[in-house]
Structure formats: structure tokens, C-alpha cells
Amino acid sequence: VTNYELTARTRDGKETVVSFNAATFYDRNRKLQGVFATARDITERKHLDQALLENNRAQGNAQSAAEKAKLVMSDFLSDMGHELRTPLNTILGATQLLKADRPLPPPAQQQNLEQIHKAAWHLLELVNEILDLALIESGKATLTIEPVSLPALMLECRAMLEPLAEQRGIGMTFPRSELPCFVRADRARLKQVLIKLLSNAIKYNKPAGSVVVDYTLIPPNSIRIGVRDTGNGLAPEQLAQLFQPFNRLGKNASTEEGTGIGLVVSKELIELMDGSIGADSTVGVGSVFWFELNLTSAP
């Protein structure tokens, strides 16, 4: 008998849980001599086991309730976002028509229309990023993982963002793209992350600053894409708060528009692609935001 549990009850009703072990023993001639038995009091351990079981059950219930609440909130945000998109698109369309009206509206009215147009675009961007975050956190985001040409995708992002950089006097440097390089990723989502990091590097840069994109091979089979700027840089306490929703790291009062959600969405997307993302920064020198993805062969 091994670790056989028994409950002993005294006449006054007190119970003691006992772990019972017993084994036969023999002499040299294999003749049975008797039984060796031990009984160990495990009452306290049983109480602890029961308390642990109840605690785990309570934690499981709490976690289940939290997950249900998270799903409800995600569904609510998704429904709300879709409801907001329609009137926002109407506002954008109406302001575009008014701005293009002939004869042109008076200068004061044009300025008001421009403010309405910018505010609507900003709100639409916020709604889209909230929808992205809600979709990811609810587990409903679907990605198509395939070999993606990094140089080709980088050229597309460069063409999209160079006009913004030129407008602000920011120089942009990209890696040479003669050699093929493919990563395992969702093409559209990877482009979304790259555009977010590049646009941030332009917006939060110094006048006449620069943005440098580089690749670093990470053995055995990964690549790091870095986006380096010459902005004001981030203090260690600000770095610790990166990738938190609605946290713009003290940029709320700046003239640059932002939602504080884009980096959170980028982190979730990179991790869904089996990658990692992070940042390094020096105050007064600038920051480099990077992410790593797995390399793969050409399709």
C-alpha cells in the first residue's frame, strides 16, 4: 500500500487525515515475517490543498469574468466604431465639397473648413485604431502570414512618406535594396507598422533632422528593422511607458496630432507575426524604434 489516505475520527468527532503506507517483509528464505506500516498525519496539508484548490477556482472564475468583460467591451468598441465612421465620412465629404466650391469661400470660412476637415480626419484615425485594437484584443484579428519582400514594401512606404518628410525638411535614408530579403509577415499589417514608425519619426523630429532606416541580421534566422530619428529623445521613465494605450508621453499639448494607440496596435501586430518590437533612446540625441521578424525564402 502506497500513500493510501484514511480519515481517523475520535469519539469527540475530531478527524485526522492519515497517509498510510505498508509493505511486507521476508527472511532470507523468503518466508513472510510480517508487515511494516507507517501512518503520517497530513491533515494540515489537506487543508492547504483545499484552500489552494478554492483559490485557483476563484481566480479561474475571476479570469473568466474578466475575459467575458473584455469581449463585451471589444464588441461595444467595434459596434461604436462602425457607427461613428458613417457620420465622419459624411463630414469629410461635405467639407471637401465646400472647400472646392466656386466661387471660393471667404478666407475666414476656408480656415474654419480646414479645421473641421483636420479634426474629422483625426477622429476617423482614432476610430480606425480603436477598431484595430478591439479586433486584436478580442482574438478576431486574422493575418495572412506569407513571404513578404522587405525591400519592395520599404519602397512603397518611402514613396508614401517622402512628401511629408520634404514638407518638414527631414532627410530620409533607406537601405540599398538590390539584394532580395523576405520576412514571414502579413503584408498589409507590416506596411501599417512601418508607416506608423516612419510617420512618428518624421512628426517628432527636429527641424532639418533626419530619419535613417537600417537592417541588422540577428542569428540564426531573424532580421531587425530599425527606424532612427534625430528628435528630442525619450527619458528612461518615458521608455518604460511606451506601448501603453492613450499614452502620448507628454505630447498631448504639442501641435502634432496623435491618438496614443498606434504603437500599441503595432506591438500587437508584430507579436501576432511571431516578432518582437522595442525602442532605444537618448535624450537630446534621438530614438530608434525597431522590430524583429523571422526571415524566410522567396515564394
Side-chain angles (χ1 to χ4, degrees), residues 114-115 117-126 128-129 132-133 150-177 183 189-216 223-270 275-293:
E114 187 62 33
Q115 287 180 344
H117 194 73
K118 284 181 67 177
W121 266 119
H122 176 63
L123 191 54
L124 185 61
E125 181 187 7
L126 176 61
N128 287 334
E129 290 188 342
D132 262 345
L133 191 59
L150 194 56
L153 193 64
M154 198 65 74
L155 280 175
E156 292 180 23
C157 296
R158 180 176 186 172
M160 289 179 64
L161 291 167
E162 271 192 335
L164 175 64
E166 289 174 1
Q167 180 185 340
R168 296 177 177 237
I170 305 296
M172 298 187 76
T173 305
F174 288 83
R176 298 180 64 180
S177 57
V183 292
R189 293 302 200 172
L190 179 55
K191 187 175 182 179
Q192 179 181 344
V193 173
L194 276 169
I195 288 173
K196 172 53 65 177
L197 296 185
L198 288 167
S199 62
N200 279 357
I202 295 169
K203 287 196 300 182
Y204 300 114
N205 217 316
K206 291 178 180 177
S210 64
V211 174
V212 178
V213 181
D214 57 34
Y215 302 157
T216 305
I223 188 169
R224 174 179 286 197
I225 297 93
V227 178
R228 186 181 304 275
D229 64 56
T230 53
N232 292 323
L234 298 171
E237 58 270 19
Q238 290 177 306
L239 275 177
Q241 297 171 34
L242 274 178
F243 309 111
Q244 293 179 1
F246 303 104
N247 190 339
R248 297 192 61 209
L249 304 179
K251 302 291 184 183
N252 297 330
S254 75
T255 57
E256 296 296 341
E257 292 182 349
T259 63
I261 304 177
L263 283 179
V264 182
V265 173
S266 297
K267 181 177 185 294
E268 297 281 359
L269 289 174
I270 289 295
S276 59
I277 189 169
D280 303 301
S281 188
T282 304
V283 175
V285 176
S287 306
V288 53
F289 284 78
W290 54 264
F291 60 89
E292 293 178 8
L293 289 173

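A quick note: this is a predicted structure, and the numbers were derived from the prediction, not measured. Below, all heavy atoms of this structure are taken into account, side chains as well, without hydrogens, waters or symmetry copies.
Between Lys191 and Leu194, the closest side-chain pair of non-hydrogen atoms is not below 4.5 Å. Residues Ile225 and Met154 meet the side-chain proximity criterion, which asks for heavy atoms closer than 4.5 Å. Annotation: side chain of Met172 is in contact with side chain of Leu198 (closest heavy-atom distance under 4.5 Å). For the pair Leu263 and Leu197, the minimum side-chain heavy-atom distance is below 4.5 Å. The closest side-chain heavy-atom distance from Phe291 to Leu190 is below 4.5 Å.
Residues meeting the side chain to side chain donor-acceptor pair (under 3.5 Å) test with Glu166, sequence neighbours left out: none. Residues passing the side chain to side chain donor-acceptor pair (under 3.5 Å) test with Gln115: none are found, sequence neighbours excluded. Every residue two or more places apart in sequence or in another chain that forms a side chain to side chain donor-acceptor pair (under 3.5 Å) with Asn205 is listed here: Thr230. For Arg228, the salt bridge (Lys or Arg N to Asp or Glu O under 4.0 Å) criterion is met by no residue, not counting sequence neighbours. Residues meeting the salt bridge (Lys or Arg N to Asp or Glu O under 4.0 Å) test with Glu292, sequence neighbours left out: Arg224.
Gln241 places a side-chain N or O within 3.5 Å of a backbone atom of Glu237 that can act as its donor or acceptor partner.
Separating the CZ atom in Arg158 from the OG1 atom in Thr173 is a distance of 8.0 Å, to the nearest 0.5 Å. Summarising the geometry, atom NZ belonging to Lys267 is positioned 10.5 Å from atom CD belonging to Gln244; distances are rounded to the nearest 0.5 Å. Going from atom CG of Leu161 over to atom CD1 of Ile202 covers 5.0 Å, rounded to the nearest 0.5 Å. Once rounded to the nearest 0.5 Å, the distance linking NZ of Lys203 with CD1 of Ile170 reads 13.0 Å.
Closest approach of Ser266 and Lys196 over heavy atoms only: OG-CG, 3.7 Å.
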Show every donor-acceptor pair shorter than 3.5 Å between a side-chain atom in residues 276-283 and any protein atom, with sequence neighbours excluded, or say none if there are none.
| from | atom 1 | to | atom 2 | distance (Å) |
| --- | --- | --- | --- | --- |
| Asp280 | OD2 | Trp290 | NE1 | 3.3 |
| Ser281 | OG | Leu234 | N | 2.6 |
| Ser281 | OG | Gly286 | O | 3.2 |
| Ser281 | OG | Ser287 | OG | 2.6 |

